[in-house]
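Below, all heavy atoms of this structure are taken into account, side chains as well, without hydrogens, waters or symmetry copies. Lettering follows sequence order; numbering is per chain, from 1.
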Amino acid sequence: MSATLLSNLNESQRDAVSSPAQQLAILAGPGSGKTHTLTSRVAWLLASGLQAQNIIVATFTKKAAKEMQERIGKLLGDDREQKLILGTFHSISVRYLRSYGYLIGIKKGFVVADQHDSETIIKRIIKKNNFMADPKATKNKISGRKAKGGWGEKMEKAMKSNNKEVQQIDAIYTEYEATLKRANLLDFDDLLLRCVDLLRDHPQCVSNVEAVLIDEFQDTNLVQFDLMRLMAASRKKVTIVGDPDQSIYGFRSAEVKNYLSLLRQYPDTITISLEENYRSSGAILAASLKIIQQDTSRINKSLLATHSVGTRPVLRTLESAEVEGDWIMHEIRRCVTLTGGLITYGDVAILLRSAYLSRHIETYLGKAGVPYRMVGGRAFYDRVEVRLILYYLRVISNPTDNNAFAEVVNLPKRGVGDVTVKSLIEEADAKRTSIWELMEKGPLATGLSAKARNGVSRFMKIIKDARKMLSDEEGHTIASLMKHVIEAVELEDYLKKTYPEEEDYQSRLENVKEILALAEEADDPESPDYNDEPLPEVDGLEQNELSTPLSNFLAKISLATDKRAKDAEGEDKPRVTISTIHAAKGLEWPVVFIPGAYDGSIPNGRADDTDEERRLLYVGMTRAKALLYVSYPLIDSRRESTRPSNFLTPTSLLLHFGQKGPSFSKQNVIPDIAAILRLEVPKITFTPDELPLPSQEDDLWPEDGTAKARPPKTWDQWDGTAQYGEARKSLAHDRPLIDKKNMEPWKPSYTTTMTTTPAFSTAAAVLREQPVNLSGAGSAKRPYTFDDDEIVDKKSTKRSTKRPEGQPSLAAYFGKPQNSKVNEPTTAITAARQTHTTQPSVSLPRMNHRATLSQRGNPRTAIPAHTAPYVPPTICPTLSRHRIGGTASTATNRRNIRAFTPPESNGSNYIFLSSSPPRPEPGRKEHEAPRLPMPSNSINSIVATAARSASLHTTTEDRARAQPGRKSYGARMGMGGWEKRMGGSGSWKPPSMADK
DNA sequence: AAAATATCAGTTTTT
DNA sequence: CTGATATTTT
Ligand SMILES: Nc1ncnc2c1ncn2[C@@H]1O[C@H](COP(=O)(O)OP(=O)(O)OP(=O)(O)O)[C@@H](O)[C@H]1O
């Protein structure tokens with residue numbers, strides 16, 4: 001079994017997967033296969049006899065959970081993965097609370113309060129007390145308080161010194177908690193906290209658990225750490241995977257320090273690091289590392305590209321946010337059209353710092369008919385019509401939920417206005433009861449107008465009818481309850497009246513249908529998404545289901561991030577993905593755009609942790625496999641002028657970025673992309689006239705973002721056809737799009753040695769040359785280009801910024817009417833999607849290396865990463881170490897730096913192992929340019945034990961003895977940079993261990 | 001007091 | 001584009 005399981009792993013990964021260690025930490029940079037390794041370890045644990053229902057796997061997002069389940073399923077080949085307790089911390093908590101919550105006094109039918117709920121509750125409290133706090137900020141503070149177990153020193157101090165603002169927040173917090181409790185609501189933090197309570201007081205609940213595995217550990221908070229510890233209490237078998245450099249959830253109280261806590265909790269923890277990046281081109285990796293290395297408080301880890309250098313990333317300046325959107329659209333079309341099928345829309349992602357930045361981009365993609373999808377975001381559940389239905393269901397499920405009651409009692413209008421609602425809430429609060437009971441039981445203190453009274457009872461009638469269905473009809477379904485609501489409130493009429501515009505009305509009706517479809521799915525007992533396996537029975541402990549199908553459905557929806565478009569029509573169509581960087585964590589795409597990289601956006605004006613913002617950019621950049629575009633507009637969407645992000649201005653970055661998108665006609669660009677994507681190099685047989693593109697080059701806008709040489713028509717008059725005038729003059733004429741003479745020879749070579757042969761582009765050559773014009777990032781013209789061996793003559797560079805008067809527009813060149821619709825490429829692009837018949841003789845098992853979101857089932861050929869078997873290094877491992885490449889070294893030095901560099905101080909019993917010894921690179925000759933030396937300072941390849949077997953050559957396995965106070969060099973390094981970032985060893989105790 | 005109408009600002013990141 | 005607020009009408 002293990003043979004197949006371990007075969008698509010490298011040596012370090014294999015060590016990790018099969019490690020007998022009780023506690024194992026895998027720390028490694030992006031794209032090094034952490035998730036892949038974790039997945040394999042789960043399969044390995046199962047293969048070695050553990051029971052699926054006794055393994056807990058916690059991921060960070062639902063998407064990651066689903067993905068992992070699928071991957072494990074593939075490795076196993078049976079259905080055992082269904083039995084795993086696998087999900088986000090929150091959803092796992094819900095499952096435990098549902099079954100065992102009664103042990104700690106949680107009431108039946110509890111509801112998960114989502115963000116919107118929390119916020120409206122807080123708003124109400126603020127209003128009631130005439131406070132001046134900002135609801136959102138307050139919400140965040142309260143959440144932080146709950147996640148950290150206290151306000152923190154600063155707040156406490158301010159409170160003592162009678163700081164009004166802070167005292168108000170404290171008061172809001174108290175009232176907020178009371179409100180949740182009364183309404184039987186648990187917010188996201190409560191889910192975790194209450195689960196900690198449960199497991200602490202009743203450890204039997206998890207007495208069956210044999211192993212706990214955690215993905216993205218750097219983003220766990222203190223409560224989640226505690227939860228992990230408690231879940232693993234029985235066998236204490238823990239595996240965590242993480243990367244401190246990718247910690248981007250500090251704003252949500254994530255604690256990078258948790259790694260130290262782990263070492264303190266389990267002093268025998270084995271730490272393994274992985275140092276080979278299987279995702280990105282060398283150039284992308286180099287640029288990304290350059291960014292993250294700006295963080296001086298960080299300890300460098302080595303991360304080596306396994307791919308060729310590839311195409312240099314792009315840092316593009318655009319005139320405005322609108323133009324940026326337009327440009328992205330054109331670049332996407334260029335990528336898709338000019339790469340002979342290598343890149344489809346599904347291979348492209350646009351990653352944003354803030355979701356709202358998508359506006360202009362969506363406009364242009366829509367205009368050009370480029371299919372896209374927005375991921376993340378709960379936009380669907382926040383639509384009024386959807387929310388209306390869901391809140392009705394909540395009141396039906398739990399009438400004491402004042403919040404839900406107030407939300408919809410006057411929707412549609414029933415003559416119950418703000419004043420009435422407010423006084424009802426206040427009276428209910430005062431009597432420590434709910435509005436529902438108030439109305440049922442009592443004489444009201446509040447004098448209600450006849451109209452209002454009537455309205456409230458009409459509302460309650462609808463609820464009561466539904467509750468009757470709930471208790472009477474055995475066969476009631478969530479969908480039937482929903483239909484009842486829709487009819488009772490005459491939702492269609494209401495929508496028609498409120499949104500008279502036909503289109504608007506129709507789309508809202510669609511949403512109603514969609515939520516109804518979701519309910520029907522939940523009613524289906526076969527549907528795996530809504531029917532978790534019950535938790536395994538544990539001896540001597542009774543499970544007592546606290547949830548009803550309805551409350552379960554509502555809980556699922558509160559925790560949902562996207563409406564999982566039930567394979568709706570057009571689902572199979574490849575689409576461009578638009579996402580926030582946060583939501584893109586752990587994913588990968590062949591082509592990535594990061595627009596809006598201006599100061600104020602990244603780093604964000606409101607962020608108080610600049611380093612986290614930098615890490616965010618790093619995470620975004622490292623999602624890219626083959627092509628990376630970073631861009632910023634000189635004028636943002638609020639029409640304010642901007643400056644490029646400080647992260648991108650250092651002159652040392654100049655070398656790493658080009659100023660405009662690649663020329664796909666240049667010799668190596670397409671083969672390089674193909675190699676990185678492990679696809680066959682396409683044969684491209686079309687001619688320029690057939691291209692429905694305004695230009696083959698990224699030359700429609702000046703590289704410096706100026707608005708000079710504007711096209712005859714302004715952008716908003718444009719209808720999608722090509723007609724930007726400037727700059728394309730003879731480029732297309734000069735050069736055939738793809739030079740077949742150059743294409744042909746590539747093919748044979750790569751059929752045998754794929755990753756190693758594709759001629760390296762001149763990244764390395766340029767590094768050798770060094771004639772850099774350092775006069776500023778944005779506007780400086782560089783005397784060379786990077787993409788290619790040929791130094792492009794300056795004339796042609798110039799040419800691309802200005803179009804001489806009277807020059808024909810592109811549309812004219814293509815012989816098309818100026819405003820005609822853009823057609824899809826009609827012809828003769830022979831796609832690269834044929835089966836590759838001449839597989840190399842030694843091939844690794846296929847790996848699913850496509851992005852989750854990219855099109856599935858695409859029959860493109862996967863080509864193994866390494867076409868030659870891995871041969872253990874023959875040189876003495878102690879002498880092979882990558883060294884920092886950033887210092888002034890000569891060109892020759894840079895070539896292949898593997899010098900042994902001892903650290904300044906070290907005990908004599910430390911040996912220094914390369915975690916990535918030079919690998920035999922068949923077919924590559926020395927003069928063919930080496931791997932781009934990754935600027936790296938791999939101090940973490942230090943092993944703190946004297947005697948090590950040679951089998952650890954590729955592994956940095958470090959027994960980190962985490963005795964507080966003892967700071968051995970080796971142990972510290974073993975932490976791979978975590979400790980430094982955390983400011984040493986504090987005396988932190990998990991909340992549940994702390995004195996009560 | 002509630003509804004209808006008008007106007008305006010403002011948008012981090014997420015389970 | 002939406003949610004909050006201000007103003008007017010019922
Ligand atoms: N041993 C290997 N050989 C070839 N490809 C690999 C290997 N290990 C991982 N990969 C590929 O590398 C890519 C990145 O893997 P994975 O997503 O597991 O990395 P990661 O370390 O979790 O990245 P991130 O930190 O960005 O989430 C995937 O496409 C995966 O298939």
message: How about CD on A:Gln506, more than 12 heavy atoms from neighbouring residues, nucleotides or ligands closer than 6.0 Å, or not?
response: yes
- prompt: Atom CG of A:Asp134 and atom P of B:dG10: how far apart are they, to the nearest Å?
  reply: 12 Å
message: So A:Tyr249, base contact, sugar-phosphate only, or nothing? Heavy-atom distance under 4.0 Å.
response: sugar-phosphate
query: What is the distance from NE2 of A:His582 to P of B:dT15, rounded to the nearest Å?
result: 10 Å
query: Under the ring pair (Phe, Tyr, Trp, His ring centres under 6.0 Å) test, which residues partner A:Phe188, sequence neighbours left out?
result: A:His90
- request: Determine, step by step, whether A:Phe459 and A:Phe405 satisfy the ring pair (Phe, Tyr, Trp, His ring centres under 6.0 Å) criterion, reporting the C-alpha distance in whole Å, the side-chain angles of both residues, the deciding distance to 0.1 Å, and the verdict.
  value: CA-CA 9 Å; A:Phe459 170 72; A:Phe405 191 108; 5.1 Å; yes
field: N/O donor-acceptor pair, side chain A:Arg353 with base B:dT12, under 3.5 angstrom
entry: yes
field: Aromatic A:Tyr173 / basic A:Lys141 pairing, under 6.0 angstrom, 45° off normal
entry: no
message: Can you confirm whether the side chains of A:Arg614 and A:Gln294 place a donor and an acceptor under 3.5 Å from each other?
response: yes
- request: For residues 407-417 of chain A, pull every pair meeting side-chain hydrogen bond (donor to acceptor under 3.5 Å, both in side chains), keeping only residues two or more places apart or in separate chains.
  value: A:Tyr392-A:Arg414
- request: Look only at the side chain of A:Asp609 and the backbone of A:Asp611, and say whether a donor-acceptor pair between them is shorter than 3.5 Å.
  value: yes
field: DNA chain B base-pair string [pairs: Watson-Crick or G-U under 3.5 Å; |: paired with another strand]
entry: ||||||||||.....
query: Over how many whole Å does the gap from A:Leu193 atom CG to B:dT15 atom P extend?
result: 18 Å
field: A:Lys146: salt bridge (charged side-chain N to carboxylate O under 4.0 Å, His left out) partners, not counting sequence neighbours
entry: A:Glu177, A:Asp187, A:Asp190
- line: Expected string for nucleotides 1-6 of chain B under the B/S/- scheme (protein heavy atoms, under 4.0 Å, primed atoms plus P, OP1, OP2 as sugar-phosphate) is SSS---
query: Using a heavy-atom distance cut-off of less than 4.0 Å, which residues of residues 596-604 of chain A contact DNA chain B?
result: A:Asn604
Listed nucleotide nearest any side-chain atom of A:Arg606, set B:dT13, B:dT15, B:dT12: B:dT12
message: I want to know whether A:Tyr499 and A:Tyr505 have ring centres closer than 6.0 Å.
response: no
- prompt: Which of these nucleotides, B:dT14, B:dT11, C:dT2, is closest to any side-chain atom of A:Arg508?
  reply: C:dT2
- prompt: Is the closest side-chain donor-acceptor distance between A:Tyr372 and A:Glu362 under 3.5 Å?
  reply: yes
message: Need one value for A:Lys123: base, sugar-phosphate or nothing, where a base atom within 4.0 Å counts as base even if backbone is also close, heavy atoms only.
response: sugar-phosphate
query: Between A:Arg638 and A:Arg252, which is nearer to the 5' end of DNA chain B once each is assigned its nearest nucleotide?
result: A:Arg638
query: Tell me: CD of A:Glu362 to C1' of C:dC1, nearest whole Å?
result: 12 Å
query: Please give, in whole Å, the distance from B:dT12 C1' to A:Arg614 CZ?
result: 18 Å
message: Output the rounded distance in Å from CZ (A:Arg359) to P (B:dT11).
response: 14 Å
task: Provide, to the nearest angstrom, the distance between the CG atom belonging to A:Leu587 and the P atom belonging to B:dT14.
output: 13 Å
- prompt: Picking from A:Gln224, A:Arg145, A:Lys148, what satisfies side chain to side chain contact (heavy atoms under 4.5 Å, CB included) with A:Ser253?
  reply: A:Lys148
message: Distance to the ring centre below 6.0 angstrom and angle to the axis at most 45 degrees; does that hold for A:Arg387 and A:Tyr391?
response: no
- prompt: Within the structure shown, what part of the strands sits under 4.0 Å from A:Gln115 by heavy-atom distance: base, sugar-phosphate, or nothing?
  reply: base
field: A:Lys136 NZ - B:dT11 P separation (whole Å)
entry: 7 Å
Residue-phosphate contact under 4.0 Å: A:Thr580 side-chain N/O, B:dT14 OP1/OP2: yes
